Every structure is written in structure tokens, then in C-alpha cells.
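In each ligand, atom 1 is the first atom listed, and ligand 1 is the first ligand listed. Note that this is a predicted model, so its numbers are computed, not measured.
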Amino acid sequence: MTRPAILAHGGAGAPNEDSDGPLAACEHAATFLVDGQPDGALRAVIEAAVILENDERFNAGTGANYRLDGSLQMDAILATSDGRIGSVAAIERVRNPIRVARLVIDSPHVMLCGDGATQFAHTRGIADDPPLTDKARKRMEAALERLKSGEVRPTEQKWRGKDMHGTIGAVARAADGTFAVSCSTGGTSMMLRGRVGDSPIFGAGVMCGPAGAVCATGDGEEIIRRLASMRVYMRIEQGDHPQAACEAVVKEIPAPYTVGFIAVSKDAHGMSATADKMARGAKELT
Ligand code: GLY
């Protein structure tokens, strides 16, 4: 029998001291991975993501970043090793975008975005409940100040501006040998309304297939350019240990970019981030 495992992260750059969040998410979600639980891997990564979306310390759901125009739009995705994908981009006024991604899996589509995604959520019974927080509003105000003063960070030069990314995510291997991945984000600290990052894009923000599951976090534009999760996955498929695969792709994306990956394969798992900074957790069942 396969040994179930789940890994979760609270975003590349999120302090390692906040790892109690992803660890608690893994502890709770692992209960779905034991033998006999229908769709255990998918349920586990959803439950892990909901816990992290509800934790204000992390940039997803409650705690998600505001856009520079003061609006709040979020991205999320779910994928399974049997080929199901559900994704939402630039969705508004929902507390748990990952639950909307789950509804998309059962729709005829793979991805919904903007007003259409928000309307879909509300008509399918998800509450109209914008997860605005004072902390995220203050982050946006600080970003606007940096823009005005010109004192931008190295990765903010194009705005000049974007930094405080952060994302949450989980990868799981269930007792039946299936895999799933979840990912949810409020994007970066400086974003135009309508900007979509890597997180809801299959192959970029996440990858899942018969060889395992991968979730990325960090500078979204750079992760998209490099199809980074696909790169980690292909290394695993070719026989690399997930730890070596994550470390190799982190190295391929040099400073000033910040990235991180968590990954599970049939019999191992791994996680790595720029400067080793990423709130993270893992739980393997015997
Ligand atoms: N990785 C999150 C984002 O760039 O949107």
C-alpha cells in the first residue's frame, strides 16, 4: 500500500516561524488520506488550503493582497492525477477561492475568470463575502507610498513595483496512490486590477500527474515564463528525488526573484525555497 503524505506551504518569503500554520493544515488534512476515503487526495488539499486561506498571516483568501486600485482579486486552482482541473482567476467577493475551484472541476470548464468567476461562485451558493483585512489594506498603502517615493525593492523595478507575493498551497499522495494539488493566492503587493499570476495556471503554478504533484510559490511572472511546476514535475518523472527536483528549479530562477516549491512523488517528498525562507509543513502517515 502507498504511504500517504501531505505537504503545505504559506508562501515563499513567508517567515519560517509561521510554519505552525502549514503544519496544522497538514495535520488536519492528513485524516482524508487514509485508505477507503473517496477522493482523499483532492479532499485533503482542499481542506489544507481552506485552513491557510482562513489564516490572516498568509496572502490568500482572508489576508489576500489588495490591488493598487483598492480592489481585491484572487487566484486559485485544484488539480488531480486523474486529469481533473478547476481554476479561478481574478475572482472577487469570496472568502475561499479554493472552494470555487472545486465547483469549476464539476463544470464543463477548466478555468473561469473575473466577473464570470465571481458570478459563478455566488450562483452556486458561495457567500458574497469579500475577505478584506486592515493588514492587507495597510500593505497596499505602503506599496503606494513606495511607488510615490521611488524607493522600490529590487523586484519592483518594473513599476517600479512588485514584491510581497506569497501564496498558499498543498500537495498530497493518498493511500490509493493518487495525487492532488491546491494553490491559492492574493497575488503580489503591486498589481493592476486584472493581473493574473502563476497560481491558477496548470503547468506554471501547479502540476499534477501519475508521477506526483507540485505546487509553486513566489514571483508569478517568472514562474509562468519558465513553466516552473512543470519543470519540477518532469524531473520527478525522469527519476529525480522530489527534494533534488525542487532544489534544482529554485536554482534555475536566480535573484532577485523569490520562488519555492513543494512536491510529492510515488514514494518521497521535497520542498525548497529561495534563501530557504518559506513557511511550510509536512506529514507522512505510516
Ligand atoms: N505566486 C503568486 C503570484 O505571483 O500571483
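Annotation for ligand 1: atoms under 4.0 Å from non-hydrogen atoms of Thr167 are 1 (N), 2 (C). The distance from ligand 1 to the heavy atoms of Gly218 drops below 4.0 Å at these ligand atoms: 1 (N), 2 (C), 3 (C), 4 (O). Near Ser199, meaning under 4.0 Å from one of its heavy atoms, ligand 1 places the atoms 1 (N), 2 (C). Taking every heavy atom of Gly187 and a limit of under 4.0 angstrom, the matching atoms of ligand 1 come to 5 (O). Here is the list of ligand 1 atoms found below 4.0 Å of a heavy atom in Gly197: 5 (O).
By the 3.5 Å distance cut-off applied to N or O atoms, Thr217 is not counted among the residues near ligand 1. In terms of polar-atom proximity, Ile223 is not counted as a contact of ligand 1, lacking any N or O under 3.5 Å from an N or O of the ligand.
At a threshold of 4.0 Å, the pair Lys138-Glu141 does not count as salt-bridged, since none of the basic side-chain nitrogens sits closer than that to a carboxylate oxygen. Taking the charged nitrogens against the carboxylate oxygens, Asp39 and Arg84 do have a contact shorter than 4.0 Å, which makes a salt bridge. Contact check on Asp55 versus Arg57 returns a salt bridge, with a Lys/Arg side-chain nitrogen under 4.0 Å from an Asp/Glu carboxylate oxygen.
Judged by distance alone, with hydrogens and angles left aside, the side-chain atoms of Arg193 form no donor-acceptor pair with the main-chain N or O of Gly70 at under 3.5 Å.
Taking a 4.5 Å side-chain heavy-atom cut-off between Ile, Leu, Val, Met, Phe, Trp and Tyr, the cluster of Ile105 extends to Leu42, Val45, Ile46, Val50, Leu78, Ile98.
Ranked by closest heavy atom to atom 5 (O) of ligand 1, the top entry among Met191, Arg195, Met74 is Arg195.
Atoms CD and CD, from Glu252 and Glu222 in turn, are 11.5 Å apart once rounded to the nearest 0.5 Å.
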